[in-house]
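In what follows, a single structure is set out as structure tokens and then discussed.
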Amino acid sequence: MRRQYPFHLIEPKWQTFWDKQQTFRAFNPGDELPATHPFAQRHQLNGKVDAAQLPQKFYILDMFPYPSGTGLHVGHPEGYTATDILARYRRADGFNVLHPIGWDSFGLPAEQYAVRTGQHPRKTTDENIANFTKQIKSLGFSYDWSRELATTDPGYFKWTQWIFLKIYNSWFNPKTNKAEPIETLEYPAQLQSASGVSPEDLETQRRTYRDSKRLAYVSEAPVWWCEQLGTVLANEEVVDGKSEVGGFPVTRKPMRQWMLRITAFAEKLLADLNTIDWSDSLKEMQRNWIGRSEGASVEFQIQGSKFKVEVFTTRPDTLFGATYMVLSPEHKLVNEITTPEQKDAVEQYKQAATNKSDLERTELAKDKTGVFTGAYAINPVNGEKIPIWIADYVLASYGTGAIMAVPGHDTRDFEFAQKFSLPIIQVVQPPEGKDWQGYTDDGVSVNSASAEISLNGLPTAEAKNKISAWLEQKGLGKKTINFKLRDWLFSRQRYWGEPFPIIWKRDSNGHLYHEALPESELPLMPPSLTDYKPTASGEPPLARAKEWVALPDGSVRETNTMPQWAGSCWYYLRYIDNKNETAFVGKEAESYWMGARESLKFPVSSLGLEPTSNLKPQTSNSKVHPGVDLYVGGTEHAVLHLLYARFWHKVLFDLGYVSTPEPFFKLVNQGLILGEDGQKMSKSRGNVVNPDDILKEFGADAFRLYEMFMGPLEMTKPWNTNGVAGVYKFLGRVWRLFVDEKSETEFEQAETTSSDSNELLKLIQLHAGIREVEPTKEQLKTLHACIKKVTEDLEAMRFNTAISAMMMFINESLTWETKPVSVLRAFLQLLAPFAPHLSEELWARLDSQFGTGSSSLSYAAWPGYNSDYLIEDTLEIPVQVNGKLRDVIQVSADASQADIEAMAKASEKVKPFLEGKTIKKVIVVPKKLVNIAVA
RNA sequence: GCCGGUGUGGCGAAAUGGCAGACGCACAGGACUUAAAAUCCUGGGACCUUAAAAAGUCGUGUCGGUUCGAGUCCGACCACCGGCACCA
């Protein structure tokens, strides 16, 4: 395609300009503002300013990119473009905008490359970051690059380790419902004084107790082990029994691991979803993952034994229908209660269950299996003797690992009971016409009475309440809330991650215990290695560094490292104050950028075209508590990063380090961009679009515009390079609205002989039709309609329709003979967030010819619209008969309803449809339409 | 199975309950050109009728409802996409 305008000269020119001027540097309270900076000039600030003097903040964040070796694909810049447009818009709107970028640079690929080649992962990482930076910069995003950070930077991970220590040194106090320093933990009575035990033993016991309460603790429980990756994985990283990364098989393996007690925050993580502005689907995913369910725990006595089994049920109202009980094969009591006759069968079944991978367990789920233990439990509600089975459809990890089976009203129990011919009885009456067998919804209790209690005739909800109260009163059970959420497995057997600031020691009794490194020893650097593989004995790679591991006093370092999620749990806080050497974030900066802001009021007031510098954004009195004001990224982080980050943030909030309980107030997921064939982009399909190629042919502005023009941000949509040509042509039309055709021809000829881009650009002259004249009424109408639409669409993130509004403006304005400078300036302001390079270039040209009104387009006050200009003299009113369009009539704007009705009835096109009919009703919607209902 | 989202021209899409298809792509015709590209202008849902048009009928996944009026609201269903899935 022929080049529409010299973007290849314009774009680098303005990128360099922005870099030099530091145009997009965001200022913290206490920062020294250079008087020459356009932000200082816009807000008439100078020197050191405090938070009260600064305009309102707006924090716009992109999800943390992992700098992979393959570089950007077209999906990345979709969200980045959206946030950049809004960042630029908010700056023009008068906000102090924080819009940073950085690198989630720990991660597996660099380490795997190191394993293969011996090259230090840092080298690969640095190269990839350089490549990403170059690509991202070429798109003209208005990031404050002075705040760039990388998780692999010791200056950063020092604080990741520091936060870990805060978590390690905290416990969750159920009384205050908060994380608190471990020092506030009270010991139980028997550990209060050293009566009867030596001081050493007391301290050992206290330490054990303390360690069992910490938010970071060591567990020996079975974990997901991935042989191919050579590491353990968190629950969230295992998908369908395979590793999320690479799709390798995983197995359960008991190992000593670090866990973070995220379950303590389950209730808050769930409840606080109601305080943030996220999409329903995303909130729902988190709710499902947290998986709160209300029910009751009930104790069943084992017949002829001292043991009791506790079960969890959400349907205590069906207790009378429990005809058997099932323990998970891993349940503690299985060995205790199994009768000698059943021992072999049970042992065999248990063995088979452990050997099955979880994938097999779920895949074979259709066919229920199980074995009778020979033991019986007593149903506490009616004294019935019910058999106890073990079956792997009961999970050890959920609830108590045991259930009461109510085959009449639970699908799984029903299947199992049918297969093993166990009794099925009805205790819930479904609504008319539904079979009670396997009916699992609410109904009315039946067959549920004993000498002491009857639920018969009660609707499910009431029956639940009644039986729960009765159980509680009898000491047989109580209301219980269960969560699916498990604690977060936080250690990995890798090299390229943050080392734990933890050392292991032995006390005088020979007990191994862990201890935090002092803060003064942070950052704890990883050792240098020549071989990055795990050791032959399966220890993490760090164990190879014998000198690093062994400390002079005989203690040894922890050799696990943190998972990649650690760094991304708090990066948004470090952006606020990334150079701070004494704190992970400064208090004043944190409360300014993360604190409450005035809620936005919309629509913007009608201010005409006059510059509105110094005007603080229109606000209402209500304050919202946002944290990050807008966070944009993909859905793939729904339950990993977004849950983990919320958890860390809540710990930091409880400990008083941050000012909001939630990190991300508004979150928007950009939709997936598919290949031109409508399929997911992938190398193997060969449908991957490389942004570099698009930039080369169409330029960054056209690329940005197309990414937004494709459709609503949140939708999945296919890429179409022809579509880029469409918006590119639009930018060409903008260009031709402003420049003189003849001078452009000269420019093109000169370009064949010269390569001095500044000299070349000087050849281009503004269009002769551009003059400093009063705009006509029509021109003002066109402009203000555009301002209104673009402004409203930006507020609602409807970028695609904002662009079409600007296209309409251009289509219209190209027909003007005289183009008033004031109108063109306002249009460039609207275009600037979308196509900043072209806008800056044309803005500067207007300035140099007509004098400057403002030094910088980026901080020029956003134009308001005057609705007076939008009023039409005559309106086109559609006339319907029985809802069908019959005519469109011209009506003067001040015509009365009666006039309009009369004109509608008088219309020649309408008349035939009224003839011979009775008019039942005439609806006149002012300025909209007339509908005549006839019979 | 459960939860969430989406169904509108050849394609991407737009429409506070009020003229369905704005804006753009692709396409067709015309202007400019020796010619092509680029640019500029015009056209375009389907059907029916017609030499052409006008007029008319139908049309937003399907079926029904509310309403003067439904792409939009309500009910039932179908398809596709995403997530969860033996969670008691």
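Quick note on labels: first sequence line is chain A, next is B, and so on, each numbered from 1. Please read all numbers here as calculations on a predicted model, not as lab measurements. Both backbone and side-chain heavy atoms feed into the values below; hydrogens, waters and symmetry mates do not.
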* Measure up the Phe703(A) and Trp719(A) rings against each other and bin them: parallel (under 30°), tilted (30 to 60°), perpendicular (over 60°). => tilted
* **Gln890(A), CD: over 12 other non-hydrogen atoms inside 6.0 angstrom** => yes
* Asked: If you check the Arg886(A) side chain, which of C23(B), C3(B), U57(B) turns out closest?
  -> U57(B)
* To do: Decide yes or no on side chain to side chain contact (heavy atoms under 4.5 Å, CB included) for Val888(A) and Ile877(A), but give the supporting numbers first.
  => CA-CA 5 Å; Val888(A) 178; Ile877(A) 303 284; 6.0 Å; no
* To do: Could you work out the separation of C73(B) and G82(B) based on their P atoms and round it to a whole Å?
  => 25 Å
* Asked: Side-chain donor-acceptor pair under 3.5 Å between Tyr349(A) and Thr369(A), yes or no?
  -> yes
* Asked: When the C1' atoms of A53(B) and G43(B) are considered, how many whole Å apart are they?
  -> 15 Å
* With respect to the phosphate group of G1(B), does any side-chain polar atom (N or O) of Thr411(A) fall under 4.0 Å of OP1 or OP2? -> no
* **Pair Trp735(A)-Glu744(A), side-chain donor/acceptor within less than 3.5 Å** => yes
* Check step by step if side chain to side chain contact (heavy atoms under 4.5 Å, CB included) holds for Leu643(A) and Leu485(A). => CA-CA 11 Å; Leu643(A) 199 61; Leu485(A) 186 68; 3.9 Å; yes
* Can you check the Lys920(A) NZ to U67(B) C1' distance for me, whole Å? -> 12 Å
* Asked: Is there a side-chain contact between Val924(A) and Leu929(A), using heavy atoms and a 4.5 Å cut-off?
  -> no
* State whether the number of non-hydrogen atoms from other residues, nucleotides or ligands found under 6.0 Å of Lys479(A) atom NZ is greater than 12. => no
I'd like a list of close polar pairs between nucleotides 78-84 of chain B and the protein, N/O only, cut-off under 3.5 Å.
none

* To do: Report the distance from atom CD of Glu697(A) to atom P of A38(B), rounded to the nearest whole Å.
  => 12 Å
* To do: Sticking with atom C1', work out how far G59(B) lies from G45(B), rounded to a whole angstrom.
  => 8 Å
* Whole angstrom is fine here: how far is it from CD in Glu748(A) over to P in U39(B)? => 12 Å
* To do: Anything under 30° is parallel, anything over 60° is perpendicular, the rest tilted; go ahead and classify Phe799(A) against Phe834(A).
  => perpendicular
* To do: Could you check whether the rings of Phe420(A) and Phe416(A) sit parallel, tilted or perpendicular, using 30° and 60° as the cut-offs?
  => tilted
* Asked: Do Thr314(A) and Glu294(A) get their side chains close enough for a donor-acceptor pair, meaning under 3.5 Å?
  -> no
* **Separation between the P atoms of U72(B) and C19(B), rounded to whole Å** => 14 Å
* Please give, in whole Å, the distance from A85(B) C1' to Tyr398(A) OH? -> 13 Å
* To do: Provide the distance between the two P atoms, one in A20(B) and one in A70(B), to the nearest whole Å.
  => 11 Å
* Distance, rounded to the nearest Å, where Phe730(A) contributes CZ and C25(B) contributes C1' -> 16 Å
* To do: Determine if the base of G9(B) is syn or anti; take syn to mean the glycosidic torsion is within 90° of 0.
  => syn
* Strictly by modelled atom types, are Tyr393(A) and Asp413(A) linked by a side-chain donor-acceptor pair under 3.5 Å? -> yes
* Intermediate values then yes/no, side chain to side chain contact (heavy atoms under 4.5 Å, CB included), Tyr398(A) and Ser293(A) -> CA-CA 11 Å; Tyr398(A) 183 77; Ser293(A) 66; 2.9 Å; yes
* Asked: How long is the line joining CH2 of Trp278(A) and C1' of G5(B), in whole Å?
  -> 18 Å
* Taking NZ from Lys909(A) and P from A55(B), how many angstroms apart are they, rounded to a whole number? -> 6 Å
* To do: Please determine, by modelled atom types, if Glu310(A) and Ser297(A) share a side-chain donor-acceptor pair under 3.5 angstrom.
  => yes
* Structure fact -> With both pairing distances under 3.5 angstrom for Watson-Crick or G-U wobble, and | for a partner in another strand, the correct string for RNA chain B is (((((((..(((.....[....))).(((((.......))))).(((........)))..(((((..]....))))))))))))....
* Nucleotide U6(B), atom C1' - distance to CG of Leu672(A) in whole Å -> 14 Å
* In terms of side-chain heavy atoms of Thr314(A), which of C23(B), A88(B), A38(B) is nearest? -> A88(B)
* Structure fact -> Of the listed A22(B), G12(B), U6(B), the closest approach to the Met715(A) side chain comes from U6(B)
* Hey, is the side chain of Asn720(A) poking within less than 4.0 Å of OP1 or OP2 on G24(B), counting only N and O atoms? -> no
* To do: Looking at every strand, decide which applies to Arg486(A) at a 4.0 Å heavy-atom threshold: base, sugar-phosphate, or nothing.
  => nothing
* **Along RNA chain B (nearest heavy atom to each residue), the more 5'-positioned of Arg736(A) and Met710(A)** => Met710(A)
* Expressed in whole Å, how much space separates the C1' atoms belonging to G21(B) and C58(B)? -> 16 Å
* Reading nucleotides 14-21 of chain B from the 5' end, what letters show protein touch, with B for base, S for backbone sugar-phosphate only, - for no heavy atom under 4.0 Å? -> S-B-BB--
* Any side-chain N or O of Lys884(A) less than 4.0 Å from the OP1 or OP2 oxygen of C58(B)? -> yes
* Return the nearest nucleotide to the side chain of Lys729(A); candidates are A88(B), C3(B), A26(B). => A26(B)
* Looking across every strand, which nucleic acid part, if any, lies under 4.0 Å from Asn482(A) by heavy atom: base, sugar-phosphate, or nothing? -> nothing
* How far does the P atom of U16(B) sit from the matching atom of G10(B), given to the nearest Å? -> 24 Å
* Asked: Just checking Ser281(A): base, sugar-phosphate only, or nothing, at a heavy-atom cut-off of under 4.0 Å?
  -> sugar-phosphate
* Check every atom of G56(B), U39(B), A88(B) against the side chain of Phe913(A) and return the nucleotide holding the closest atom. => G56(B)
* **Nearest-Å distance once atom C1' is located in both C80(B) and C74(B)** => 24 Å
* Could one point to a donor on the side chain of Lys368(A) or the base of C86(B) with an acceptor on the other under 3.5 Å away? -> yes
